[in-house]
Amino acid sequence: MDITIRDAEPGEFDALGEITADAYLHDGLLDFGEGDEYRGELRDVAKRAAAAEVLVAVADGRLLGGVTFVPSGGPMADIARSGEAEIRMLAVDRAGRGRGAGEALVRACVDRARATEGCVRIVLSTQRTMHAAHRIYERLGFVRTPERDWNPIPQLVDITLLTYELTL
């Protein structure tokens with residue numbers, strides 16, 4: 001199966017939002033379940049697309065998943081510093097997993113980072129339990145940066161996100 005990575009089209013935003021929110025929910029990545037406020041953020045692809053680049057993986061006319069690429073800071077950046085791009089909200093539909101879509105999306109972000117003037121590295125945050133994603137990042141040369149690990153909800157001590165970076 002050939003996977004195409006391209007910019008998300010507005011007509012795909014709702015479907016991609018559902019794929020992303022469902023992937024996070026069913027993988028146990030939303031600490032507050034279906035009522036988690038972050039689920040709304042995951043669904044709001046239009047908001048992400050207005051502030052960053054949203055890419056999709058498509059095969060045989062079917063949307064497999066997507067990712068948000070933040071080329072140079074702005075409202076979608078969580079940890080990126082000057083000269084860094086950031087990967088956010090990587091998700092692949094459960095039915096489309098195991099076909100290389102996740103890796104293809106990460107590779108596309110790395111390629112975009114390399115093409116971004118002044119960009120020297122690409123960074124990302126991930127949850128401890130995202131083992132399949134960790135394997136993709138490490139296979140592509142990303143390294144852990146524990147000194148940058150952070151907690152998006154400081155009042156809850158067990159939500160620390162792990163960070164990775166790839167020097168370009």
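Not measured: the values here are computed from a predicted model.
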Participant: Hey, what do you get for OG1 (T160) to CG (L162), rounding to the nearest 0.5 Å?
Facilitator: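 The OG1 atom of T160 sits 8.0 Å away from the CG atom of L162.
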Participant: Name the atoms and distances for all side-chain donor-acceptor pairs under 3.5 Å in residues 122-131, with sequence neighbours left out.
Facilitator:
| unit_1 | atom_1 | unit_2 | atom_2 | d |
| --- | --- | --- | --- | --- |
| S125 | OG | W150 | NE1 | 2.8 |
| T126 | OG1 | H134 | NE2 | 3.2 |
| Q127 | NE2 | L29 | O | 2.9 |

Participant: Table please: side-chain donor-acceptor pairs of residues 43-57 below 3.5 Å, with sequence neighbours left out.
Facilitator:
| unit_1 | atom_1 | unit_2 | atom_2 | d |
| --- | --- | --- | --- | --- |
| R43 | NE | E18 | OE2 | 2.8 |
| D44 | OD1 | K47 | N | 3.0 |
| K47 | NZ | E41 | OE1 | 3.2 |
| K47 | NZ | E41 | OE2 | 3.3 |
| R48 | NE | T68 | OG1 | 2.9 |
| R48 | NH1 | E41 | O | 3.1 |
| R48 | NH1 | L42 | O | 2.8 |
| E53 | OE1 | R112 | NH1 | 2.4 |

Participant: Salt-bridged, R39 to D22, with N to O below 4.0 Å?
Facilitator: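 The answer is yes: the pair qualifies as a salt bridge.
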Participant: Identify the heavy atoms of F69 and C109 that sit nearest to each other, and give their distance.
Facilitator: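 Between these two residues, the closest heavy atoms are CE1-O, 3.4 Å.
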Participant: Looking only at heavy atoms, what is the nearest atom pair of A77 and G73, with distance?
Facilitator: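 In this case the closest contact between A77 and G73 is CB-CA, 3.8 Å.
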Participant: Dump the intermediate steps for salt bridge (charged side-chain N to carboxylate O under 4.0 Å, His left out) on R97 and D27, then the final yes or no.
Facilitator: CA-CA 12 Å; R97 292 183 181 176; D27 289 348; 2.8 Å; yes
Participant: Kindly check if the number of other-residue, nucleotide or ligand heavy atoms within 6.0 Å of CD (E117) is above 12?
Facilitator: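 Open.
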Participant: Kindly determine whether E165 and R81 satisfy salt bridge (charged side-chain N to carboxylate O under 4.0 Å, His left out), including the steps that lead there.
Facilitator: CA-CA 12 Å; E165 72 178 28; R81 300 174 184 153; over 6 Å; no
Participant: Do L168 and L105 belong together in a cluster built from hydrophobic side chains that touch within less than 4.5 Å?
Facilitator: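 In one cluster with L168: L105, yes.
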Participant: Output yes when D149 and R144 qualify as a salt bridge under the 4.0 Å nitrogen-oxygen rule, no when they do not.
Facilitator: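 Result for this pair is yes, salt bridge flagged.
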Participant: Give the cluster check for L63 versus V92: same hydrophobic cluster or not, with ILVMFWY residues linked at side-chain heavy-atom distances below 4.5 Å.
Facilitator: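 Different clusters.
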Participant: Hey, quick one: are V70 and Y38 part of the same hydrophobic cluster, counting side-chain heavy atoms closer than 4.5 Å, chains of contacts allowed?
Facilitator: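 In one cluster with V70: Y38, yes.
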Participant: Flag yes if Y164 and V67 sit in one hydrophobic cluster, no otherwise; membership is Ile, Leu, Val, Met, Phe, Trp, Tyr, and two members link when side-chain heavy atoms are under 4.5 Å apart.
Facilitator: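 Cluster IDs for Y164 and V67 match.
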Participant: Taking the side chain as C-beta and beyond, is there a heavy-atom pair between M89 and M76 under 4.5 Å?
Facilitator: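 M89 reaches M76 side chain to side chain.
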Participant: Show the nearest heavy-atom pair for residues I3 and A104, with the distance to one decimal.
Facilitator: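 Taking I3 first and A104 second, the nearest heavy atoms are CG2-CB, 4.4 Å.
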Participant: Kindly work out whether a path of hydrophobic side-chain contacts (I/L/V/M/F/W/Y, heavy atoms less than 4.5 Å apart) joins L16 to I87.
Facilitator: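 As far as the 4.5 Å side-chain criterion goes, I87 and L16 are not connected within one cluster.
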Participant: Aromatic contact between F142 and Y137, with the criterion being ring centroids under 6.0 Å apart: yes or no?
Facilitator: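 Ring centres of Y137 and F142 closer than 6.0 Å.
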Participant: Atom CZ in R114, atom SG in C119: separation rounded to 0.5 Å?
Facilitator: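 Reported value, rounded in 0.5 Å steps: 10.0 Å.
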Participant: Holding to salt bridge (charged side-chain N to carboxylate O under 4.0 Å, His left out), I want the full list of residues that pass it with D36, two or more places apart in sequence or in another chain.
Facilitator: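 Per chain and number, D36 pairs via salt bridge (charged side-chain N to carboxylate O under 4.0 Å, His left out) with no residue.
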Participant: Which pair of non-hydrogen atoms, one from L30 and one from A21, has the smallest distance, and what is that distance?
Facilitator: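 Minimum heavy-atom separation between L30 and A21: CD1-O, 4.3 Å.
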Participant: Are any of the side-chain heavy atoms of T167 and V120 separated by less than 4.5 Å?
Facilitator: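 No. Closest side-chain heavy atoms not under 4.5 Å.
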Participant: Evaluate side chain to side chain contact (heavy atoms under 4.5 Å, CB included) for V106 paired with L90, printing each intermediate quantity in order.
Facilitator: CA-CA 8 Å; V106 174; L90 173 66; 3.7 Å; yes
Participant: I need the minimum non-hydrogen distance between A91 and A23, along with the two atoms involved.
Facilitator: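 Shortest heavy-atom separation between A91 and A23 comes out as CB-CB, 4.0 Å.
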Participant: Please check this pair: side chain of E86 against backbone of D78, looking for a donor-acceptor N/O pair closer than 3.5 Å.
Facilitator: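 Side chain of E86 to backbone of D78, a donor-acceptor pair under 3.5 Å: yes, one is there.
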Participant: Out of curiosity, H26 NE2 to D93 CG, how far, rounded to the nearest 0.5 Å?
Facilitator: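 It is 10.0 Å, given to the nearest 0.5 Å.
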Participant: Do the charged groups of R6 and E12 touch, with an N to O distance under 4.0 Å?
Facilitator: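 Yes, charged N to carboxylate O under 4.0 Å.
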Participant: Taking all non-hydrogen atoms of both residues into account, name the closest pair between A95 and R62 and its distance.
Facilitator: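 Closest approach of A95 to R62, heavy atoms only: CB-NH2, 3.3 Å.
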Participant: Within the 4.5 Å heavy-atom criterion, are V58 and L64 side-chain neighbours or not?
Facilitator: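 No, their side chains stay 4.5 Å or more apart.
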